[in-house]
Amino acid sequence: MKKKVLGLILLIVVMGAIGTVSLLKQNMPKEIRVKGYLGGEKIGFLEDAEVQEILEEKYGIAADYARAGSLDMVTADLTGMDYLFPSSSTALEYYQDLHGDPRRSEILLNTPIVLYTHKMVLDAFQKQGIAEEREGVWYLDMEKLTELLEEGATWEEIGLPELYGTVSVDTTDPSRSNSGNMFSALLANVLNGGEVVTVQSLPDILPRLQKIFENLGYMETSSSDLFSQFLRMGVGAKPLIAGYESQLIEYAAENPEEWETVKGDIRMVYPTPTVWSSHVLLALDEKGDAFTDALMDEEIQELAWEKHGFRTAEYLAPSGTKTVTLVGVADSLTQITQIPTYEVMREIIENL
Amino acid sequence: MGNTGKRKTLKKGLAAAALSLLAVFFLWVFDQIPEKEDAGRVLKILSGSENQELEGIIEACAEETGVEIQMDYQGSVDIMRQLQEGAEGYDAVWPASSIWISLGDEQHLVKHNQSISLNPVVFGIRESLARKLGFTEGEVSVEDLLRAIQEGKMSFCMTSATQSNSGASAYIGFLYALLGKQEGMTAQDLQDPKLQEKIHAFLDGVERSSGSSDWLKELFLEEDYDAMVNYECLILDANRQLAEEGKELLYVVYPYDGLSIADSPLGYVDHGEEQKEEDFLAVQEYLLSGEVQKEIEATGRRIQANGVSAENTEIFNPDWGIDTDQILSPIQMPDADILMEALNLYQTNFKKPSLNLYCLDFSGSMEGSGEEQLKEAMAQILIQENAAENFLQASAGEVNLAILFDDGIKVILRAADDSDESLKKLYEQIEEIEPSGGTDIYDAAARAYELAAGYDLDAYTPAVILMTDGKSEYHKTRFERAREKSEKEIPVFSITFGSADPSQLQELAEETGGRVFDGTEDLTEAFRSVKGYN
């Protein structure tokens, strides 16, 4: 008899527990699995455990991605994809050109194009009067750098006999990835005497731009690959590259020990002028829509700056309370040039 | 209610709570099961052959992470091709250089790729010869090397540029240097007659080729060659073995105007399995941890661009020409299109022509599926459209002979020249023959050696490509007599099929500097591999 009662109690308890669990499960926000194409430079941000946790707990979103260059993703297979998260408005315009308006698009993050180099190269640039330091931040005169690129000056000629070859800036493939694309826009404007290149002025600029890019050879398709190669392969392989400001901030935040060992050599330099890379999220369906809302979360936006170096709308100039403890980050940038229109950019992309 | 009553209620309450917890726990456990069920925690990695030396570290990694690691070794070009086709069945790729991921990952499957080590592609030259040629003092350019080759003072071994990363990187480096350019190779550059003449002359210095860097090193250790182009780490490894055997060491030469560095990237191939991704990241993190990086460095691979960890300074012996403080300025790989064009030109025009002596088993036991597979394999190699897909087209001036055998010689067929039509005709002739009779590989191989005698063997890379499916009658003396008469050693590459006896083939391979390939599972694949060695 006792055993029967016990059995009954056990049964009730178990049933109760099952009920509770399934009830709890129902009350939790249903998990939305979103998948889309992501520019390589934002992988660290999206894979951040804290970001993922906020996405899941507050919004019930599990975010997955496939990595693709900003422009590549527009022409990639979009089946089953809920969003595209390239790093420029050019990619958005490219998308509109091919597929029409996306369901929704929002600029969520911003970061300027910068140059990364090594101490010995920066020293040489300084001696040449191309680079200068102001308040602990390094700036590089784009006009003078462009002159060196056009002349085909060798590293030896600017005082670096240790390096083989001509002065060049390694970028990602401008026709496939954004940082390279943005840098080509910047160079085009500089070649145009600092004016934003228009459909009318492009024909004069294009051959000169082509010549500079011809010397670059094989170009990586992803900014994150280029940056990690820059860090890994040393000054001989990558003396000077173009990238995003966010990349170094993120690297230093994620790898404090490694950063300690390389910070004596690695230098971030702001080109003057520079351009903003605006990371715009294209929602392709309802799930992408929900994802956009979730990423606008205040906490996520804070994490984006502090751990991943992306300036958000509010952080265009990082506020005093939340500065990144990294040497050489500019508070605000004043000399900014605009990206030419999509029409001009398409012409550039097609011809590089 | 008394105290006892309360206690009982409390007990019951506790028991119920405990049971509920237990139930919740079980529910949680059941919830986890579907995810873990099929994840046998196995990670299948498609890797370049140069990583074979890391097997000890990889085993330790498997133990530490609890992830079983299966390595499948292939050439870089094959890895690129696999990626283009979606790399089904692989969870990760680990080619010698990231360029192969960039070129192959058309479907955007690869993520988390990180460089595991840095490996300069260098010349290892017998020390006395390097000294005599003046390569131990000051900087050495590709033109300096060309001069030594043209004066007949040096020949070398190098992997095939169309099959292996070390060969491809070295070849692109030669092209840049011979063009007098530092970057931005164009299609027009490749057509420059001066360049073509020089690269022909340079590649005429290739004594032996191979589809794999690791095997090239093994071959080098067994035979007596002047020099080899290979990864710095494999030259160091060769030197360790040469030192043990008390033989002459290799001096490492870094041609300053044609140097390349392989960055050995390990990347995850995303087929949408979360558990695999976690396992991958665990494996990668292990390999990139400080301690393991130093173990990797101890194998002669660099883990930083300049300098070396204190505990490994002895590995990078300065007496062997290694200066880890020197800044290495590698060449920039050309654009994808130009690179493909350059590789095609290597295969069809620039490389030394091959002299292919196919010995094909047409004994009775081949009847049926064996015969079908053999003929299919020949179609893949001889019909040039097929061959081009794997960069295995015939080179200019290439000679192709087929000896179809049973216990005697059935027929000897010869392609009239290197043209697509002649090669296709050779295939059609082979296609008509029906299998019958017994097996004698020695007679066929002997005939191959005799036929080769009709050619100037210095002008070709000759190879006997022997395919058989059974145990042969042991007529070795017949082969040995033919071999003694031959001016030059011709490697016998064998492909086993069906119930072939590998011991007989192994013996032939060892004696002639060849290699045995297993064609049991995929005969076409085996033929393709062999062709990549020649």
Side-chain angles (χ1 to χ4, degrees), chain A residues 6 9-10 12-18 20-22 24-25 35 37-38 40 43 47 64-69 72-73 76-77 120 154-155 160 162-166 168 170 173 211 213-222 224-225 228-229 231-239 257 261 265, chain B residues 12 15-24 26-28 31 98-99 101-103 105-115 118 172 176 181-186 256-257 259-261 263 265 270 272 274 290 302-307 326-336 338-339:
Chain A
L6 202 70
I9 292 172
L10 196 72
I12 292 168
V13 168
V14 170
M15 298 278 279
I18 293 175
T20 318
V21 167
S22 39
L24 273 174
K25 276 201 155 182
K35 178 151 188 174
Y37 287 115
L38 184 73
I43 288 177
E47 283 197 345
D64 195 10
Y65 67 89
R67 186 172 81 173
D72 258 7
M73 66 175 71
D77 182 5
M120 64 184 269
T154 63
W155 291 111
L160 291 166
E162 302 91 329
L163 300 183
Y164 178 71
T166 50
S168 66
D170 279 3
D173 187 338
K211 195 152 174 286
F213 270 86
E214 250 169 36
N215 281 337
L216 289 179
Y218 182 78
M219 288 175 280
E220 287 298 326
T221 50
S222 151
S224 54
D225 283 358
S228 62
Q229 283 179 15
L231 290 174
R232 179 85 173 175
M233 296 185 71
V235 63
K238 304 266 178 242
E257 276 170 44
T261 64
D265 182 46
Chain B
K12 268 188 191 166
L19 279 169
S20 314
L21 273 176
L22 204 67
V24 170
F26 276 117
L27 277 174
W28 177 79
D31 219 29
S98 19
I99 188 151
I101 295 184
S102 299
L103 292 175
D105 191 21
E106 291 169 355
Q107 304 186 29
H108 305 292
L109 299 172
V110 179
K111 50 191 194 187
H112 309 300
N113 51 328
Q114 293 274 351
S115 157
L118 298 172
I172 297 295
Y176 266 124
K181 263 194 160 183
Q182 286 127 6
E183 54 257 304
M185 189 186 297
T186 64
Y256 72 86
D257 52 355
L259 186 76
S260 53
I261 299 179
D263 59 348
D270 193 357
E274 267 171 53
R302 299 196 187 201
I303 55 168
Q304 50 197 7
N306 298 105
Q326 190 198 340
I327 291 173
L328 299 176
S329 272
I331 49 123
Q332 182 96 37
M333 276 287 158
D335 253 7
I338 307 293
L339 179 65

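Keep in mind that this is a model prediction, so the values were computed, not measured. Note that these values count all heavy atoms, side chains included, but never hydrogens, waters or copies made by symmetry. In what follows, chains carry the letters A, B, and so on, assigned in the order in which the sequence lines appear, proteins first and then strands, with residues in each chain numbered from 1.
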Between K238(A), E162(A), M233(A), the one whose heavy-atom pairs under 4.5 Å with chain B are most numerous | M233(A)
Winner by heavy-atom pair count (cut-off under 4.5 Å) against chain B, out of Q229(A), K35(A), E257(A) | Q229(A)
Greatest number of non-hydrogen atom pairs under 4.5 angstrom with chain A, of I338(B), D263(B), N113(B), I261(B), falls to N113(B)
Select, from L339(B), L118(B), L259(B), N306(B), the one with the greatest count of heavy-atom pairs under 4.5 Å involving chain A.
-> L118(B)
Examine whether an atom of [X] lies under 4.5 Å from a heavy atom of chain B, and if so say whether it belongs to the side chain, the backbone or both; otherwise answer neither.
X       : value
D225(A) : side chain
D77(A)  : neither
S224(A) : neither

Let me see the working for T166(A) and E183(B) under side chain to side chain donor-acceptor pair (under 3.5 Å), right down to the final yes or no.
-> CA-CA 8 Å; T166(A) 50; E183(B) 54 257 304; 2.4 Å; yes
Would you name the heavy atoms of [X] and [Y] that are closest together and state the gap between them?
X       : Y       : value
A305(B) : G234(A) : CB-CA, 3.4 Å
Y65(A)  : H112(B) : OH-CE1, 3.6 Å
H108(B) : D72(A)  : CE1-OD2, 3.8 Å
S329(B) : L163(A) : OG-CA, 3.7 Å

Start with the C-alpha distance between K111(B) and L38(A), add both sets of side-chain angles, then the distance that settles side chain to side chain contact (heavy atoms under 4.5 Å, CB included), and finish with yes or no.
-> CA-CA 11 Å; K111(B) 50 191 194 187; L38(A) 184 73; over 6 Å; no
Could you grab the distance from atom OH of Y164(A) to atom CD1 of I331(B), nearest 0.5 Å is fine?
-> 10.0 Å
Euclidean distance, R67(A) CZ relative to L109(B) CG, rounded to 0.5 Å | 11.5 Å
If you measure only the distance, is there a donor-acceptor pair under 3.5 Å linking the side chains of T186(B) and E214(A)?
-> no
Go through the atoms of S98(B) and report whether side chain, backbone, both or neither lie under 4.5 Å from a heavy atom of chain A.
-> side chain
If one checks every heavy atom of L328(B) against chain A at 4.5 Å, the contacting part turns out to be backbone
How would you list, by chain and number, every residue that makes a side chain to side chain donor-acceptor pair (under 3.5 Å) with D105(B), sequence neighbours excluded?
-> none
